[in-house]
Amino acid sequence: MRSGAGWPARVEKWIRKEALLAPGDGVVVAVSGGPDSVGLLHLLFGLSARYEWRLIVAHVNHGFRAEESEREAELVARHAARLGLALHTVRLDMPSVLAAGGENPQAAARERRYAFLLDVARRTGARRIATAHHADDQAETVLMRILRGTGLSGLAGIPLRRTISDGVELIRPLLRIYKSEIEAYCEAEGLEYCTDSSNLQAKYTRNQVRLELMPYLKQYNDKLPEALVRLAETAGSEDSYLEEQTRLLYEANIGRRDGAYVWSARWFAGVHIALQRRLIKLILSYLAADRNSMDFLHIESVRLAILSEEPVNFRREVVQDIMLAREYDRIAVHTMVLPPRAYVYELGEGLQSFTIPETGVRIELQRLEGEDPVAGEAATYTAIFDAEELFLPLIVRSRLPGDRMQPLGLNGTKKVKDMFIDAKVPPSLRERIPLITDARGNIIWVPGVRTSAMGVVTASTRSRLHLRLVMPN
């Protein structure tokens, strides 16, 4: 349907069905002065008494087209005054801004425009911001994304609604209405509007798509805009479903530990490829400063690295200082974290507890005279020594390259690094596990891995030193 007669009723029905606006809502209406925004303003005003909406008109003068921009501002002011609505305006000297910063003109103008609209919404207590994006805008957007190469999310096009700040939602009530319908409505209602001359120049990509590519492609399908809009609706529904499934998988299977997102490589291998990619994209979006930098190639390289069986341990940068690490079955994605600084601390006589400042790891010490070892205690992070056979005081320190220890039950020494590997201790955990040495520098305990042949408790032991390592939560 392309006549201007019936679309206001369709929009009203759509607003109710999608709950775009609730009775009594405050609505900032972005009005540029063109037919689309003028038509939207008058449509919402005609319904406002019935639904008790409080409308606020907002207009941005970007300063690109001096005299023309002034006429648009004056026109918007006349519409607001005629309807008795509050008007908020701002003048942006975008030419000067762009000359100074070298930003993309359309992106820079859009960023500042939405910042102003959000500011107006906050100052007036409005919960909604309404813009006049229509079906032709949707068709052009989908076609532009196809040309760039996009996935299902991109094919969904312009969203009907999106939250832009706490308590403020951006809505697009005209997204199913074509420009010809809106213009016909304005003519029938005698609504004055302006024509933006820059929209007639093939200077920007969107204008080239609208003025050149779309007419050319309509030779092959005269209903191309309608077909692209249907594609956006279909893709949007399917994208929404897949996003929901992705979040359910995320909540059930992805953990958060020490600032890292952690999951099982075996579990991930059994997830459908479409959801694998979406999970990676979701996790990276939580960590990346610029989401636009995460393209298909980045996401796919992460996915393939996770699925690869070799090597079983690796660490590599993905993008923007985001690290991907594999430790046997454990996959972790986190921002780049520097290893703790080297440290050395003495565990003096009578000390019962000491927390290493660099890592938060705590060491508890207990000396028992003439008693049996504590029975039933978990041995992973505990060790018991004959205190009289040790050279005291003990030292707690970080690992050093080439560290070696003589493990209990082994002739000769072994590299601490190799002991970590044999015990399959994750590399990230190795950074936090300290070494305990005697006063001569001999390593007597690698917590969670091995104790040394020094200070072994025997039947004749009279004084026992109990050590326990407590990892931070």
Side-chain angles (χ1 to χ4, degrees), residues 7-63 69 72-92 94 107-135 137-138 157-177 182 185-186 189 191-194:
W7 70 265
R10 302 197 328 261
V11 172
E12 179 184 3
K13 182 178 179 180
W14 199 28
I15 289 174
R16 291 202 308 267
K17 179 183 177 182
E18 299 292 339
L20 294 181
L21 291 169
D25 267 348
V27 189
V28 175
V29 186
V31 184
S32 66
D36 316 323
S37 59
V38 168
L40 173 64
L41 174 63
H42 282 263
L43 166 68
L44 295 179
F45 180 79
L47 299 172
S48 61
R50 184 184 313 169
Y51 296 101
E52 299 181 334
W53 295 331
R54 178 172 55 88
L55 305 184
I56 303 101
V57 180
H59 174 76
V60 179
N61 182 343
H62 295 97
S69 295
E72 290 169 349
E74 293 170 1
L75 173 66
V76 173
R78 288 199 298 273
H79 278 292
R82 190 175 300 123
L83 300 176
L85 300 176
L87 171 65
H88 293 257
T89 64
V90 67
R91 181 183 178 87
L92 304 174
M94 290 306 301
R110 181 170 56 250
E111 178 184 347
R112 287 161 176 79
R113 180 167 63 251
Y114 280 116
F116 168 69
L117 294 173
L118 179 58
D119 180 63
V120 173
R122 286 172 172 165
R123 284 190 282 122
T124 60
R127 297 176 58 243
R128 301 286 189 271
I129 297 173
T131 65
H133 292 90
H134 48 71
D137 293 325
Q138 182 71 294
I158 304 171
L160 173 63
R161 69 201 314 158
R162 68 179 177 92
T163 300
I164 60 174
S165 181
D166 292 340
V168 180
E169 188 176 49
L170 178 68
I171 61 171
R172 300 180 172 100
L174 304 185
L175 207 52
R176 288 183 176 176
I177 308 302
I182 302 170
Y185 170 80
C186 290
E189 296 294 321
L191 301 177
E192 182 184 6
Y193 62 82
C194 295

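Sequence positions, counted from 1, serve as the residue numbers for this chain.
When all heavy atoms are compared, the tightest approach of Val38 to Leu191 is CG1-CB, 4.1 Å. Pairing each heavy atom of Leu40 with each of Pro173, the nearest pair is CD1-CG, 4.1 Å. Nearest heavy-atom pair, Cys194 versus Pro35, reported as atom, atom and distance to 0.1 Å: O-CD, 3.6 Å. Closest of all the heavy-atom pairs between Ile182 and Leu174 is CD1-CD1, 3.9 Å. When all heavy atoms of Ala126 and Gly26 are compared, the closest pair comes out as CB-O, 3.4 Å. Across all their heavy atoms, Leu83 and Phe45 have their closest contact at O-CE1, 3.4 Å.
For the pair Arg128 and Tyr51, the cation-pi test (distance below 6.0 Å, angle within 45°) is failed.
The ring-ring contact (aromatic ring centres under 6.0 Å, His included) search around His79 returns His42, not counting sequence neighbours. With sequence neighbours excluded, no residue forms a side chain to side chain donor-acceptor pair (under 3.5 Å) with Gln138. Among residues two or more places apart in sequence or in another chain, the side chain to side chain donor-acceptor pair (under 3.5 Å) test is passed with Tyr193 by Glu187. Under the ring-ring contact (aromatic ring centres under 6.0 Å, His included) criterion, Trp14 pairs with no residue at all, not counting sequence neighbours. Here Ala135 pairs with Tyr178, Val229 under the side-chain contact (heavy atoms from CB on, under 4.5 Å) rule; sequence neighbours left out. For Arg122, the side chain to side chain donor-acceptor pair (under 3.5 Å) partners two or more places apart in sequence, or in a different chain, are Ser165.
Residue Arg78 holds its CZ atom at 7.0 Å from CZ of Arg82, rounded to the nearest 0.5 Å. If you take CG on Asp36 and OH on Tyr185, they are separated by 13.0 Å, rounding to the nearest 0.5 Å. To the nearest 0.5 Å, atom CD1 of residue Ile56 and atom OG1 of residue Thr124 are 4.0 Å apart. Distance check: Ile15 CD1 to Asp25 CG gives 10.5 Å after rounding to the nearest 0.5 Å. Expressed to the nearest 0.5 Å, how far NE2 of His59 lies from CG of Leu87 amounts to 8.5 Å. Here the straight-line distance linking atom CD1 of Ile158 with atom NE2 of His133 works out to 5.0 Å at 0.5 Å rounding.
The backbone N or O of Glu18 lies less than 3.5 Å from a partner atom in the side chain of Arg161, making a donor-acceptor pair. No donor-acceptor pair closer than 3.5 Å links the side chain of Ser69 to the backbone N or O of Asn61.
Within the 4.5 Å cutoff, the side chain of Tyr114 has heavy atoms near those of the Leu170 side chain. Leu21 places a side-chain heavy atom less than 4.5 Å from the side chain of Leu44. Under the 4.5 Å side-chain criterion, counting only non-hydrogen atoms from C-beta, Thr131 is in contact with Arg172. Contact annotation: the side chain of Val57 approaches that of Val76 to within less than 4.5 Å [non-hydrogen atoms, C-beta and beyond]. Looking at heavy atoms from C-beta onward, Val28 lies out of side-chain contact with His88 at the 4.5 angstrom threshold.
For His62 and Arg112, the side-chain atoms include no donor-acceptor pair closer than 3.5 Å.
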Can you check side-chain contact (heavy atoms from CB on, under 4.5 Å) on Val120 and Arg123, steps first, answer last?
CA-CA 5 Å; Val120 173; Arg123 284 190 282 122; 3.7 Å; yes

